[in-house]
Structures are given as structure tokens and as C-alpha cells.
Amino acid sequence: AQSVTQLDSQVPVFEEAPVELRCNYSSSVSVYLFWYVQYPNQGLQLLLKYLSGSTLVKGINGFEAEFNKSQTSFHLRKPSVHISDTAEYFCAVSDMFPNAGGTSYGKLTFGQGTILTVHP
Amino acid sequence: SAVISQKPSRDICQRGTSLTIQCQVDSQVTMMFWYRQQPGQSLTLIATANQGSEATYESGFVIDKFPISRPNLTFSTLTVSNMSPEDSSIYLCSVEWRGTGTSYEQYFGPGTRLTVT
């Protein structure tokens, strides 16, 4: 069974400061890792994903994450945050299986979420 | 990308009643998922709904409580039956959509915020 732990439930930072949101996972098989963002009263939006290859993954809005297999971590970082980055961030893992059209993700297992609050 | 809409966006219901949530996608998709997000909690998968087959439910969720329909490749419904205050949650629909290259990505709807009194 897979599980995801987001180590911080809330992270307050000042505008233009760097931020790191931590995520650790456990799985008995290879996993595929994702970060989603949820703005207030909205659905989830995919920030970035790690499938294979380079362990440093760049996503939208200036975010990046690094996959560390030995530490089973997938921390999300941004060098300089903006007020508009205030949101809840979810780390997730998934199986992957092939289908006729290409590789497909199975169900997502989410972490508990980290609320990022950027102060002016 | 896939654009997903859900109806209703929010509702307040009395215990013992049922609510059907609709999920509409602007393109044909094979796999659809229903998630629940309880207050202050993360998302939990309720079931996977593939067109033309019975929905597959996760541990802790049963068809009698959460019946799902998937009549075609662009639409699904989730019913929350015999509601209790513990069912107060945000219910989200998601779909798998062909992303870049050969990979698929999951897109989420805006959610339905349900309050049971």
C-alpha cells in the first residue's frame, strides 16, 4: 500500500522569500509523484509530476520539485513566492499501468495537504 | 486539457435525504474518478468509474451508499444516499486526459460542497 506524508500542515512565509513544502512517501513498488495546488473554492490543478528521468522536475508558476529515491521524498520548492501563491498544496503518488493509448496513471493517493500563506 | 463542470456547486441537505452530483466533461474520456474531501482533510478516492462497466469502489465505500452511473464517455453521476452530517464534504470528479507525449494526466472538477444538517 502506498502512503504520503506532508510534514507541515501550514507554512507561513513573507512575499519574495523562498519556500519548501515537504513530502515523503512510502511504497513497495516504484511510484509516480505529483504536486497539486488548490486555490480557495476551486478544484485541484497539477503543478508538476515526476515519472522518470531527471530527478529535478520543473512545473508551472516557478515551482520545482526534486525526487530523492533514497530518502523517499519529493519536496516542492519555489525561490521567491508571491501573494498569489497562497493556496493549499497536495502531494500525491500513483501507480502507473500501460493502456492502448499510452501509459495511464491509476488512482492517486494524496497527502494531508500543506496550507501555504504568503504575507506581504 | 479537459474542462470539467460539476452540478450543483454546493448544497445544504437534510439528513436522511439523497443528493445526486453530476460531472460533465467537454471531451470523451475513459477513466473518471470520484473523490471526497472532508473538512480539513485530504482527498480520498471513493470509486473509479469506467464507461460500460460497474464502478470499482475503494475500501470503506459501498455502492448502496454511493451509487455511481457512467452512461457515456463525457458524463457521470455520484449519489450520496441516506445522508448524515458525516457526509458533509467536498466531492470532486476527476478524469484522465491524454497529456504530453504518451502520458495521461488527471484533471479535477471544481467540486461540490455538501453540507448535511
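Nothing here was measured: the structure is a model prediction, and the numbers come from that model.
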Q: Against chain B, label A:Leu44 side chain, backbone, both or neither, depending on which of its atoms sit under 4.5 Å from a heavy atom there.
A: both
Q) Quick one: what part of A:Gln38 sits under 4.5 Å from any heavy atom of chain B, side chain, backbone, both or neither? A) side chain
**Q.** Residues of residues 108-117 of chain B with any heavy atom under 4.5 Å of a heavy atom in chain A
**A.** B:Phe108, B:Gly109, B:Pro110, B:Arg113
Q. Just checking heavy atoms, which of residues 43-50 of chain B are less than 4.5 Å from chain A?
A. B:Leu43, B:Leu45
Tell me whether [Y] is reachable from [X] by hopping between hydrophobic residues (I, L, V, M, F, W, Y) whose side-chain heavy atoms are closer than 4.5 Å.
| X | Y | answer |
| --- | --- | --- |
| B:Leu78 | B:Ile63 | yes |
| B:Tyr91 | B:Met32 | no |
| A:Phe90 | B:Leu92 | yes |
| B:Met31 | B:Ile21 | no |
| A:Leu7 | A:Phe74 | no |

(Q) For B:Ile12, is the CD1 atom crowded, meaning more than 12 foreign heavy atoms sit under 6.0 Å from it? (A) no
Q | Within 6.0 angstrom of B:Glu54 CD, more than 12 heavy atoms from elsewhere | A | no
Q) Can you say whether B:Gln37 sits under 4.5 Å from chain A via the side chain, the backbone, both, or neither, judging by heavy atoms? A) side chain
Q) Listed by residue number, which members of residues 109-120 of chain A have a heavy atom under 4.5 Å from any heavy atom of chain B? A) A:Phe110, A:Gly111, A:Gln112
(Q) Please find the pair of heavy atoms, one from B:Gln106 and one from A:Tyr36, that lie closest to each other, and give the distance. (A) O-OH, 3.3 Å
Q.
Please enumerate all residues that pass salt bridge (Lys or Arg N to Asp or Glu O under 4.0 Å) together with A:Glu66, with sequence neighbours excluded.
A. A:Arg77
Q: Check step by step if side chain to side chain contact (heavy atoms under 4.5 Å, CB included) holds for B:Tyr35 and A:Leu108.
A: CA-CA 10 Å; B:Tyr35 288 85; A:Leu108 293 171; 3.5 Å; yes
